[in-house]
Amino acid sequence: MENINQTEPRSDFVTKPKRKAAKRKEYHADNLNKNQASSMEVSEETAVTLPAFPPVKREKLDSAVEIRKIAVPAHRYSPLKENWMKLFTPIVEHLHLQIRFNLKNRQVEIRTCKDTKDIANVQKAADFVKAFICGFEVEDALALIRLDDLFVDSFEIKDVKSSLKGDHLNRAIGRLAGKGGRTKFTIENVTKTRIVLADQKIHILGSYQNIQIAKRAICNLILGSPPSKVYGNLRAVASRSSDRF
């Protein structure tokens, strides 16, 4: 028997597809195309008209005085007093800056004046004084004023190998210096840098590439490499750099 409750589908009603989703997609696609077109126009405009800022002159600055302060540790008071005129002369006569030693704060203060022509000289003078306080000779530190591509890199022996203590640390410092300072002088001459061994701190003055070469040799010595092996590596690096030039 056929089921009485079963109803036959009526052909009067036809389901129509919803158009809202399609309209939303078209709307978002149009907005995306417009945004991409506007971003392309903006990028083209910025690529064509790049701003060119000339160096700022001292007269146009609101604050006329630039100051740098360099702290002086107790063990550098006497060398600073003995070489004060050697530091004073190039900073005042050549860079046209003002310098003084503040006895209360134990700091060397450098600032600009009305005769200062370039504001960048303040940072050059600060690097010059800082290099001297680290332990470099005045003649070596003067290169920071004359040349632009020189830097001072400082690190500690325990930054390379933190487990060094007691006699092991003293032996590592001895390996860096060598007999009569021979190892240190060899690294300086080959890499064309200047090195200061101040207890556990090491300061290197030179160009960026030369500092990296000297630093690699020093790190190998700290880690326990024999000096003969380090000399061989330095000789290979020196010959490679000479061939390059």
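The first residue of the sequence shown is numbered 1, and numbering continues consecutively from there.
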Asks: Taking C-beta and beyond as the side chain, do I202 and I195 meet within less than 4.5 Å on heavy atoms?
Replies: yes
Asks: Under the side chain to side chain donor-acceptor pair (under 3.5 Å) test, which residues partner K130, sequence neighbours left out?
Replies: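 Here no residue qualifies.
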Asks: Scan residues 214-231 for pairs that pass side chain to side chain donor-acceptor pair (under 3.5 Å), counting only residues two or more places apart or in two chains.
Replies: D153-K215, T183-Y231
Asks: I'd like a table of donor-acceptor pairs (distance under 3.5 Å, sequence neighbours excluded) in which one partner is a side-chain atom from residues 136-151, with atom names and distances.
Replies:
{"from": "D148", "atom 1": "OD1", "to": "K124", "atom 2": "NZ", "distance (Å)": "3.2"}

Asks: OG1/T112 to NZ/K114 distance, rounded to the nearest 0.5 angstrom?
Replies: 13.0 Å
Asks: Identify whether L95 and I119 are in the same connected component of the hydrophobic contact network (ILVMFWY, side-chain heavy atoms under 4.5 Å).
Replies: no
Asks: A side-chain contact here means heavy atoms from C-beta on lying under 4.5 Å apart; do F88 and E93 qualify?
Replies: no
Asks: Once side chain to side chain donor-acceptor pair (under 3.5 Å) is applied, do any residues pair with R182, and if so which ones, sequence neighbours excluded?
Replies: none
Asks: Can you give me the closest heavy-atom contact between C134 and V196, atom names plus distance?
Replies: O-CG1, 3.6 Å
Asks: Mind checking what makes salt bridge (Lys or Arg N to Asp or Glu O under 4.0 Å) contact with R100, not counting sequence neighbours?
Replies: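 If we apply the salt bridge (Lys or Arg N to Asp or Glu O under 4.0 Å) test to R100, skipping adjacent residues, the hits are E109.
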Asks: Do you know the tightest heavy-atom contact between I211 and G206?
Replies: CD1-O, 3.3 Å
Asks: Is L223 linked to L164 within one hydrophobic cluster, defined over Ile, Leu, Val, Met, Phe, Trp and Tyr using a side-chain heavy-atom separation of less than 4.5 Å?
Replies: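 Both belong to a single hydrophobic cluster.
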Asks: Check residues 68-80 and write down every donor-acceptor pair under 3.5 Å in which the side-chain atom is one partner and the other belongs to a residue at least two apart or another chain.
Replies:
{"from": "R68", "atom 1": "NE", "to": "Q123", "atom 2": "OE1", "distance (Å)": "2.9"}
{"from": "R68", "atom 1": "NH1", "to": "E66", "atom 2": "OE1", "distance (Å)": "3.3"}
{"from": "R76", "atom 1": "NE", "to": "I133", "atom 2": "O", "distance (Å)": "3.3"}
{"from": "R76", "atom 1": "NH2", "to": "F132", "atom 2": "O", "distance (Å)": "2.7"}

Asks: Show the numbers, then the answer: is there a side chain to side chain contact (heavy atoms under 4.5 Å, CB included) between I67 and V122?
Replies: CA-CA 7 Å; I67 301 176; V122 184; over 6 Å; no
Asks: Over all heavy atoms of both residues, which pair between T116 and C113 is shortest? Give the atoms and the distance, please.
Replies: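 Closest pair (atom of T116, atom of C113, distance): OG1-N, 3.0 Å.
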Asks: So, D199 side chain and K201 main chain: donor-acceptor pair closer than 3.5 Å or not?
Replies: no
Asks: Would you call I213 and L234 a side-chain contact if the rule is heavy atoms closer than 4.5 Å?
Replies: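 Yes - at least one pair of side-chain heavy atoms lies under 4.5 Å apart.
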Asks: List the steps and the verdict of side chain to side chain contact (heavy atoms under 4.5 Å, CB included) for V160 and C219.
Replies: CA-CA 7 Å; V160 181; C219 291; 3.8 Å; yes
Asks: What residues form a side chain to side chain donor-acceptor pair (under 3.5 Å) with N105, not counting sequence neighbours?
Replies: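 With sequence neighbours excluded, N105 shows a side chain to side chain donor-acceptor pair (under 3.5 Å) to no residue whatsoever.
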Asks: Not counting sequence neighbours, list each pair that qualifies as a side chain to side chain donor-acceptor pair (under 3.5 Å) and has a residue in residues 154-167.
Replies: S154-H203
Asks: Do the non-hydrogen side-chain atoms of P227 and V230 ever get within less than 4.5 Å of each other?
Replies: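 No; the side chains remain at least 4.5 Å from each other.
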Asks: Once side chain to side chain donor-acceptor pair (under 3.5 Å) is applied, do any residues pair with T89, and if so which ones, sequence neighbours excluded?
Replies: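 Counting only residues at least two positions away or on another chain, T89 forms no side chain to side chain donor-acceptor pair (under 3.5 Å).
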Asks: What pairs of donor and acceptor atoms, side-chain ones from residues 169-179 against any protein atom, are under 3.5 angstrom apart with sequence neighbours left out?
Replies:
{"from": "N170", "atom 1": "ND2", "to": "G166", "atom 2": "O", "distance (Å)": "3.4"}
{"from": "R171", "atom 1": "NH2", "to": "H168", "atom 2": "ND1", "distance (Å)": "3.0"}
{"from": "R175", "atom 1": "NE", "to": "L221", "atom 2": "O", "distance (Å)": "2.8"}
{"from": "R175", "atom 1": "NH2", "to": "L221", "atom 2": "O", "distance (Å)": "3.2"}
{"from": "R175", "atom 1": "NH2", "to": "I222", "atom 2": "O", "distance (Å)": "3.1"}

Asks: Do the side chains of L205 and T193 get nearer than 4.5 Å, heavy atoms only?
Replies: no
Asks: Are I91 and V152 connected into the same hydrophobic cluster when the rule is that any two of I, L, V, M, F, W, Y join if their side-chain heavy atoms are below 4.5 Å apart?
Replies: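 Looking at the clustering, I91 is in a separate group from V152.
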